[in-house]
2 protein chains.
Amino acid sequence: MRQIPDNYVSEFSLVEKPDLQMANNLLLKSFRRKDFVIIVGNCRCEYSGRASSSLDWGDRITLIKGDGSVQVHRPSGYEPVNWQPPGCMFSIFFEGSSLNIRSNRPKPKEILDIFFRDISFIASGRPVDDAEFNLHVSEEQMRDALVSNPGILEEGLRLIDFERKVEPGFIDFYGKDALGRIVVVELKRASAGKEAVLQLKRYVDEVKKTNRVTVRGILVAPRLKSGAQSMLVSLGMEFKKLTPEKCAEVLHKNKMTKISEFFESD
Amino acid sequence: MRQIPDNYVSEFSLVEKPDLQMANNLLLKSFRRKDFVIIVGNCRCEYSGRASSSLDWGDRITLIKGDGSVQVHRPSGYEPVNWQPPGCMFSIFFEGSSLNIRSNRPKPKEILDIFFRDISFIASGRPVDDAEFNLHVSEEQMRDALVSNPGILEEGLRLIDFERKVEPGFIDFYGKDALGRIVVVELKRASAGKEAVLQLKRYVDEVKKTNRVTVRGILVAPRLKSGAQSMLVSLGMEFKKLTPEKCAEVLHKNKMTKISEFFESD
DNA sequence: TGCTAAATCTCGAAC
DNA sequence: GTTCGAGGTTTAGCA
């Protein structure tokens with residue numbers, strides 16, 4: 001078996017200005033092989049399913065992936081103008097003087113028809129990509145930081161439980177403060193708005209209902225959206241600022257501590 | 001001035017297997033011209049901004065649009081693994097033995113670095129697409145149908161206001177029924193779930209609070225998600241079915257009526 | 001499989 | 001410019 005070199009790039013076959021008959025043959029083969037296909041050309045689109053849409057002729061870039069997803073990109077805009085999520089079946093046939101690529105999504109039932117009348121080029125291949133994607137600062141990591149070091153919020157704060165199930169959902173951080181009062185924390189990675197305030201309120205009410213004691217509700221986030229502050233105050237709750245940067249710092253310190261512990265115990 | 005034919009397709013330049021120096025030159029030119037660029041090759045990515053991420057080497061398809069948006073696509077999945085929204089500035093330089101395309105988003109400050117070590121091909125061009133995109137059945141159109149003809153929901157229902165601002169948000173339809181009771185309608189274009197029930201509940205509560213009268217809450221959608229029905233009933237509210245097809249029919253009739261009125265008044 | 005909550009959500013409109 | 005809500009949202013995590 002031939003060794004694949006570390007920087008091997010799966011070749012893409014390129015066909016420039018194919019006529020529609022050739023395009024039909026190329027695409028049939030690619031669909032059967034579940035190749036990654038790029039089609040640049042002049043097309044129109046019809047979509048029908050959860051909603052329905054139509055788009056007249058224009059030059060677009062179409063990506064069809066081996067997992068059965070499709071996206072039609074216009075010259076500008078981040079989002080595709082038409083698309084299908086993974087899991088589609090493809091068929092292809094002539095419709096008048098244009099070539100119709102139909103992608104069929106079974107559930108929910110959705111169909112996207114792309115009609116090509118002119119194709120600039122078709123590229124197809126099987127890209128190889130086994131790398132792991134790593135997102136560094138998530139809400140979960142912010143919670144980890146808080147759980148591992150509640151003191152960053154307030155002197156004397158102690159953890160009782162996290163991701164604690166109560167009826168409306170999960171309490172990010174459940175603990176007691178220096179005076180022994182129950183503390184319920186709702187954590188947001190970005191600006192916290194009124195919906196976060198209401199969510200926290202529901203948790204606090206639920207905890208009060210079952211415990212019948214004083215419960216502090218603290219909304220923790222990098223900042224508040226406008227209106228959230230007054231709402232929070234009027235509902236008798238608090239806001240405390242916590243930034244991703246601070247969390248990263250705490251998590252870094254934890255790691256360092258663990259490493260030094262490892263050496264001490266060795 | 002030369003006439004552009006109706007099915008004119010702006011040509012894409014294709015360069016297969018360019019070395020990194022040639023790729024650098026090609027891309028520099030394309031960035032200056034704000035071309036649409038497609039790069040297929042082996043790359044790694046580093047992103048830093050609202051969050052941060054890293055992705056090791058793999059074969060990927062990169063789209064760079066004239067509006068300054070970027071997306072790096074893996075062999076599978078609908079969404080790009082890394083991206084930048086429109087409005088970025090690009091720079092390109094060598095980093096060790098790889099070619100680094102840096103996209104810089106000013107506000108919020110975000111940087112995406114894509115490092116190429118091998119490029120299968122680069123395609124660039126200026127696609128022309130002036131077509132209007134048309135989404136046929138939107139929630140707004142369903143509301144228009146309901147507002148223009150409240151009778152489709154219930155005999156004797158009258159409109160008082162729509163898109164009415166109350167604190168949690170906007171009430172889709174606000175009216176009175178045949179018995180003079182206030183009716184609050186929450187409209188969903190697709191299946192309505194528990195979150196829609198809760199949304200309606202908040203609006204009803206808000207209206208009750210300010211008006212201190214009987215308020216009917218009606219959830220209007222093509223169908224309910226499982227669990228929503230019992231939740232709705234237990235909160236003392238109702239469901240009424242309304243399909244996009246019915247709305248389309250009503251809107252069509254309205255248009256016909258307007259046209260005939262036009263002829264009568266002529 | 002169905003539901004819930006988050007997202008580097010994006011996008012557009014209203015304030 | 002900011003905020004807010006909708007989306008053919010998509011996607012990931014669970015029951």
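A, B, ... follow the sequence lines: proteins, then strands. Residue 1 opens every chain.
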Touch class at under 4.0 angstrom, heavy-atom based, for B:Lys107 against every strand present: sugar-phosphate

Touch class at under 4.0 angstrom, heavy-atom based, for B:Phe133 against every strand present: nothing

Face-on cation placement of B:Lys65 at B:Phe36 ring, 6.0 Å and 45° thresholds: no

Distance, [atom1] atom - from [M] to [N], rounded to whole angstrom:
| N | M | atom1 | value |
| --- | --- | --- | --- |
| D:dG7 | C:dA7 | C1' | 13 Å |
| D:dG8 | C:dA14 | C1' | 24 Å |
| D:dT10 | D:dA6 | C1' | 14 Å |

Spacing of [X] atom [atom1] relative to [N] atom [atom2], expressed in whole Å:
| X | N | atom1 | atom2 | answer |
| --- | --- | --- | --- | --- |
| B:Leu198 | C:dT4 | CG | P | 9 Å |
| A:Tyr203 | C:dT4 | OH | C1' | 11 Å |
| B:Asn82 | C:dA7 | CG | P | 16 Å |

Is the shortest distance from a Lys or Arg side-chain nitrogen in [X] or [Y] to a carboxylate oxygen in the other one below 4.0 Å?
| X | Y | answer |
| --- | --- | --- |
| B:Glu46 | B:Arg44 | yes |
| A:Lys201 | A:Asp205 | yes |
| B:Lys188 | B:Glu186 | yes |
| A:Asp35 | A:Arg126 | yes |

Contact state string [nucleotides 9-15 of chain C, B base, S sugar-phosphate only, - no protein heavy atom under 4.0 Å]: SSS----

OP1 or OP2 of C:dC3 under 4.0 Å from side-chain N/O of B:Lys194: no

Expected output: side-chain A:Lys240 to main-chain A:Ile218 donor-acceptor under 3.5 Å: no

